[in-house]
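Have a look at the structure below, then the notes.
What you are looking at is a predicted structure, and each value in this text was computed from that prediction instead of being measured.
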Amino acid sequence: MTRIEHDTGVISRISAYSDAVEMRGNLRFLSTSGTPGFDDHGGLSPDFTTQAEWAWRNVLKALAAADMTPHDIVRVTQFLVRREDGPLYQPLRTRFLEGARPASMLMYVAGLPWPEMLIEIQLDAVKAV
């Protein structure tokens, strides 16, 4: 499998991730649902950073279950409820991506399924067979 990160000069003006990621060859594809920041006991902290940490831990568990890592992520979509959480989120996301540069979309939304949810993460990952 060949991974090609296409940098067309658009996204590099915003942050260090790819405009598009192309995968070629025999592969497995993983797509997660929107994943909130529930802790291991089903709790949801009122703190944004804690929710974001748990949301990333939860999507990493899904990757691990498929024998994948952050470097297999080709697209990540992040939904945040509060615009003021954006500056807190970027360094956290960077840490969890471990240098991976997937195509990325960050959206601010009016709300998520539960009123106390502050973030959801959805991703697609691909790995060679």
Side-chain angles (χ1 to χ4, degrees):
M1 174 177 66
T2 302
R3 176 186 172 114
I4 302 166
E5 294 173 354
H6 296 285
D7 292 310
T8 62
V10 175
I11 297 303
S12 62
R13 297 176 188 177
I14 299 170
S15 189
Y17 48 88
S18 300
D19 289 290
V21 176
E22 176 184 354
M23 305 303 289
R24 295 182 184 173
N26 295 326
L27 48 93
R28 292 185 297 115
F29 183 80
L30 175 73
S31 183
T32 70
S33 296
T35 305
F38 291 122
D39 65 25
D40 283 339
H41 305 289
L44 199 58
S45 172
D47 176 65
F48 171 79
T49 301
T50 302
Q51 279 196 36
E53 292 255 353
W54 276 104
W56 272 102
R57 288 178 188 157
N58 292 333
V59 294
L60 291 179
K61 286 179 194 175
L63 285 170
D67 190 31
M68 295 183 178
T69 73
H71 292 277
D72 297 311
I73 301 170
V74 295
R75 175 188 300 275
V76 61
T77 305
Q78 301 114 133
F79 305 91
L80 276 62
V81 173
R82 301 183 312 210
R83 200 166 277 280
E84 63 267 21
D85 292 329
L88 298 171
Y89 182 64
Q90 185 171 352
L92 185 143
R93 175 190 62 204
T94 299
R95 179 169 44 92
F96 277 95
L97 284 174
E98 301 174 359
R101 295 181 56 220
S104 181
M105 176 66 175
L106 173 65
M107 290 189 282
Y108 294 98
V109 297
L112 293 166
W114 293 8
E116 58 273 18
M117 285 182 184
L118 302 175
I119 183 172
E120 273 194 319
I121 301 169
Q122 180 180 26
L123 60 82
D124 298 319
V126 177
K127 187 168 183 172
V129 176

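- Thr50 contributes no side-chain N or O that, together with a main-chain N or O of Phe48, makes up a donor-acceptor pair within less than 3.5 Å.
- Residues passing the side-chain contact (heavy atoms from CB on, under 4.5 Å) test with Val126 are Met1, Met23, Leu27, Phe29, Val74, sequence neighbours excluded.
- A donor-acceptor pair under 3.5 Å is absent between the side-chain atoms of His71 and the main chain of Gly99, judged by distance alone.
- Residue Val81 comes nearest to Ala110 through the heavy atom pair CG1-O, 4.2 Å, listed as atom of the first residue, atom of the second, then distance.
- Partners of Arg95 according to the side chain to side chain donor-acceptor pair (under 3.5 Å) rule, which considers only residues two or more places apart in sequence or in another chain, are Glu53.
- Atom OH in Tyr108 sits 10.0 Å away from atom CD in Gln78 (nearest 0.5 Å).
- Sequence neighbours left out, the pairs with a member in residues 59-78 that pass salt bridge (charged side-chain N to carboxylate O under 4.0 Å, His left out) are Asp40-Lys61, Asp67-Lys127.
- Scanning for side-chain contact (heavy atoms from CB on, under 4.5 Å) contacts around Asn26 gives Val129, with sequence neighbours left out.
- Each of Ile73, Asp124, Val76, Leu123 was checked for a side-chain contact (heavy atoms from CB on, under 4.5 Å) with Thr32, and the lone residue meeting it is Leu123.
- If you take CH2 on Trp54 and CG on Leu44, they are separated by 12.0 Å, rounding to the nearest 0.5 Å.
- Checking side-chain atoms of Thr77 against main-chain N and O of Met105 turns up no donor-acceptor pair under 3.5 Å.
- Separating the OH atom in Tyr89 from the CZ atom in Phe96 is a distance of 9.5 Å, to the nearest 0.5 Å.
- Note: Leu63 CG to Asn58 CG = 11.5 Å, rounded to the nearest 0.5 Å.
- Remark: Asp39 pairs with no residue by the side chain to side chain donor-acceptor pair (under 3.5 Å) rule, at least two apart or across chains.
- Nearest heavy-atom pair, Pro70 versus Ala100, reported as atom, atom and distance to 0.1 Å: O-CB, 3.4 Å.
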Kindly list each side-chain donor-acceptor pair under 3.5 angstrom involving residues 114-122, sequence neighbours excluded, with atom names and distances?
none

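- Shown here for Gln51 and Ser45, the closest heavy-atom pair between the two residues is NE2-O, 2.7 Å.
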